[in-house]
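To start, the structure under review is shown below, and the notes come after it.
Order of the sequence lines sets the chain letters (A, B, ...), proteins ahead of strands, with each chain counted from 1. The figures that follow rest on heavy atoms only: side chains count, while hydrogens, waters and symmetry mates do not.
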Amino acid sequence: MWVVLLVRSDQRGGNTSSAVNNALPEHFLGFGLGLRTDHFQEVIDTKPPVDWFEVVSENFMVNGGKPKHYLHSIRELYPMVMHGVSLSIGSTDPLNKAYLNQLKVLVNELQPEWVSDHLCWTGAHQVNSHDLLPMPYNNEALDHIVDRISHVQDYLGQPILMENVSSYITYVESEMTEWEFLNEVAKRSGCYILLDINNIYVSARNHNFSAQDYLNGIDKDKVRQFHLAGHTDYGDYVIDTHDHDVADPVWTLYKAALERFGLMSTMIERDDNIPPLQDLIAELNIAKRIAQNTLNYGVR
Amino acid sequence: MVLDNMEKNSLASLQKTMMAFLLKGETIIEKSIVKQGNVSNKTRLNIYKNAYQARLKEVIDNDHPILGMYLGDDLFDEMVSGYIDYSPSNCTSLRDYANQLPLFLTKQKPFSLHPIISEIAQFERLLLDAFDAEDAKRYTKDELQKLSPSDWLALTFRFHPSVQLTSFEWNCVESWQALKKETAPDPAIKQTNNWLLWRNPERLTQFRSLNEEEVVLIRMILNGEDFSALCEYLYNRTTDQDVSILALNYINSWLDDGILRSFS
Ligand SMILES: [Fe+2]
């Protein structure tokens with residue numbers, strides 16, 4: 001899976017780095033950002049040095065207008081990945097066919113590098129909480145999710161990525177750790193993993209487990225993307241708020257994740273209290289520097 | 001309480017009790033949560049409940065900024081919590097969550113006692129509909145000039161998908177405009193008024209008021225009636241004007257607004 005791609009970074013829009021001599025994993029897109037409304041015009045006008053953008057699928061499940069216009073203009077300039085929040089893969093409701101259809105239409109329009117959603121459920125009995133609610137980590141839930149991921153992958157005609165969520169509760173129904181569960185889901189369904197480094201940190205603090213154990217429990221060849229984000233630390237617990245800069249312990253964990261999984265497509269998720277684009281690019285450069293220092297990649 | 005002896009919930013019943021907590025505050029779910037460290041299960045669960053309510057509130061806030069100014073913070077909060085109870089989300093995109101807000105405001109006191117409140121909400125929803133409606137090519141003057149005289153009478157116009165025709169019973173749009181300019185709105189006055197909303201070629205949402213005559217013409221077009229029918233209607237209303245000039249004036253203004261859809 002390690003392939004030498006000498007020209008890849010030059011082919012990708014916005015990437016200003018010159019030829020890289022290290023071996024890059026085939027799936028490596030570089031360092032990306034979440035595409036946010038506040039930055040649409042600036043991205044088009046200035047074509048900032050961001051390797052790719054992640055878009056929230058549901059935000060573009062509209063018929064037309066300005067958001068879609070910007071989306072397509074930006075897609076012409078950058079690689080994209082699609083990130084959903086409403087698949088509700090763990091729900092006991094039937095899979096939402098109308099939603100899957102909208103997702104597929106958008107996939108056809110955007111031709112993203114990949115499609116991801118969360119290892120969670122968002123609602124039941126046709127009511128959507130619009131939150132990423134944790135699963136009980138047991139065999140019933142495992143069978144249920146594996147079956148549904150297979151359906152979704154068949155429908156979309158491609159493997160998807162499942163992301164670990166931040167959580168604040170553990171159910172008495174759980175029989176295994178979250179990482180055992182996630183890993184088993186990936187192994188049995190053939191999906192890949194989007195590891196949210198901040199979510200691992202947040203959940204580790206809230207449930208008092210070792211974040212390093214989490215990383216060690218995930219198969220090396222199953223991970224395709226990292227998320228980084230900010231949180232709010234209340235002392236006794238931590239909430240995944242996406243409204244701050246990435247915190248120092250998350251940077252430390254990011255380094256540990258790079259050591260285990262190697263160079264990985266990495267992006268920063270900022271959903272609230274959104275700073276100027278330049279600030280996010282500066283933060284992304286921290287991620288890039290950590291990757292360069294940790295893996296000795298791409299430094300000239 | 002000994003957890004090991006407890007019967008374990010199926011996934012379905014666990015999800016049912018969690019939703020009952022989020023939507024109705026029922027606390028049966030607490031029995032299914034492992035006690036961990038210093039943080040109580042109540043605190044842990046409330047993180048979810050707060051997030052649920054805050055997320056929906058933010059959606060209403062974003063969709064209805066002027067309604068928020070009209071109501072003031074206290075009434076706005078009362079409306080939000082009432083709507084969250086009244087209308088649990090059944091959509092996958094939050095874009096549609098507040099679609100039933102105007103209806104809720106006609107039913108729920110004290111809002112229902114002031115019908116202008118529901119109308120302001122309805123106006124803001126129509127702005128959203130115009131904002132992200134389907135794209136379509138617009139009819140241009142060039143296209144119109146290419147028509148042969150024989151094409152004219154059976155010509156049936158179509159509107160751009162963003163076009164919304166609406167009428168209100170109160171001065172809701174004027175109040176919306178006043179608040180948008182950060183000035184105090186006039187008191188609510190009952191006055192039937194008609195409005196057209198659309199997204200212009202620069203993708204900006206626009207609106208303007210309509211007189212009775214234009215409303216009828218637009219309705220006729222929406223009903224699929226052709227140019228000759230429009231002229232006939234104008235002819236029956238007018239005594240001293242050239243009907244074809246009058247009709248062309250309307251068409252030209254619609255072309256300028258960019259509200260007609262291209263035939264090509
Ligand atoms: Fe994430």
| task | Check the side chains of B:Asn90 and A:Gln126 for a donor-acceptor pair under 3.5 angstrom, ignoring hydrogens and angles. | result | no

| request: May I ask you to decide whether A:Glu109 forms a salt bridge with A:Lys68, counting only side-chain N to carboxylate O separations under 4.0 Å? | output: yes

| task | Go through the atoms of B:Leu22 and report whether side chain, backbone, both or neither lie under 4.5 Å from a heavy atom of chain A. | result | side chain

| task | Among B:Leu94, B:Val39, B:Leu23, single out the residue with the greatest number of heavy-atom pairs under 4.5 Å to chain A. | result | B:Leu94

| remark: Ranking A:Asn206, A:Val127, A:Asp236, A:Asn96 by heavy-atom pairs under 4.5 Å to chain B gives rank one to A:Val127

| So what's closer than 4.5 Å to chain B heavy atoms on A:Ile239: side chain, backbone, both or neither? | side chain

| Judged by modelled atom types alone, do A:Thr122 and A:His130 share a side-chain donor-acceptor pair under 3.5 Å? | no

| query | Is the shortest distance from a Lys or Arg side-chain nitrogen in A:Asp243 or A:Arg270 to a carboxylate oxygen in the other one below 4.0 Å? | reply | no

| field | Lys/Arg N to Asp/Glu carboxylate O, A:Lys187 vs A:Glu180, below 4.0 Å | value | no

| remark: With chain B, the option among A:Ile169, A:Val62, A:Asn208 that has the most non-hydrogen atom pairs under 4.5 Å is A:Ile169

| message | At a 4.5 Å cut-off on heavy atoms, which part of A:Asp131 comes close to chain B: side chain, backbone, both, or neither? | response | both

| Would you find more than 12 non-hydrogen atoms of other residues, nucleotides or ligands less than 6.0 Å from B:Asp73 atom CG? | no

| field | Heavy-atom contacts under 4.5 Å, residues 133-150 of chain A to chain B | value | A:Leu133, A:Pro134, A:Met135, A:Pro136, A:Glu140, A:Ala141, A:His144

| Main-chain N/O of A:Tyr237 paired with A:Arg205 side-chain donor or acceptor, under 3.5 Å | no

| field | Per-residue contact mode, B:Thr205 against chain A (heavy atom under 4.5 angstrom) | value | neither

| note | When the 4.5 angstrom heavy-atom criterion is applied to B:Ala133 and chain A, the contacting part is backbone

| task | Please look at A:Tyr99 and chain B and tell me whether the side chain, the backbone, both or neither of the residue comes under 4.5 angstrom of a heavy atom of that chain. | result | side chain

| message | Please tell me whether A:Glu178 and A:His207 have a donor and an acceptor in their side chains that are separated by less than 3.5 angstrom. | response | no

| Which region of A:Ser57, side chain (C-beta onward) or backbone (N, CA, C, O), has a non-hydrogen atom less than 4.5 Å from a non-hydrogen atom of chain B, or is it both or neither? | neither

| Is it true that B:Asp129 and B:Arg95 make a salt bridge, defined as a side-chain N closer than 4.0 Å to a carboxylate O? | yes

| query | Which one of A:Thr241, A:Asn198, A:Asp240 satisfies the side chain to side chain donor-acceptor pair (under 3.5 Å) criterion with A:His231? | reply | A:Asn198

| message | Using heavy-atom distances under 4.5 Å, tell me whether A:His125 contacts chain B through its side chain, its backbone, both, or neither. | response | side chain

| task | Using a strict 4.0 Å threshold on nitrogen-to-oxygen distance, state whether B:Lys24 and B:Asp85 make a salt bridge. | result | no

| Test item: side-chain donor near acceptor, B:Gln122 and B:Thr166, under 3.5 Å | no

| Is it true that the side chains of B:His160 and B:Glu134 contain a donor and an acceptor less than 3.5 Å apart? | no

| query | Does any heavy atom of chain A fall under 4.5 Å from the side chain of B:Leu11, the backbone, both, or neither of them? | reply | both

| field | Between A:Gln102, A:Met61, A:Lys66, A:Glu58, the one whose heavy-atom pairs under 4.5 Å with chain B are most numerous | value | A:Lys66

| B:Ser10, B:Ala51, B:Ser162, B:Ala136: which one forms the most heavy-atom pairs within less than 4.5 Å of chain A? | B:Ser10

| said: Report, in residue-number order, which members of residues 61-72 of chain B are under 4.5 Å from chain A by heavy-atom distance. | reply: none

| message | Is it true that A:Trp179 and A:Glu184 share a donor-acceptor pair across their side chains at a distance under 3.5 Å? | response | no

| Salt bridge check: are B:Asp132 and B:Arg199 linked by an N-O gap of less than 4.0 Å? | no

| Pi-cation contact, A:Tyr155 with A:Lys104 (under 6.0 Å, within 45°) | yes

| field | Whether B:Arg44 side chain and B:Ile47 backbone form a donor-acceptor pair below 3.5 Å | value | no

| query | Contact part of B:Gln15 toward chain A, heavy-atom cut-off under 4.5 Å: side chain, backbone, both or neither? | reply | both

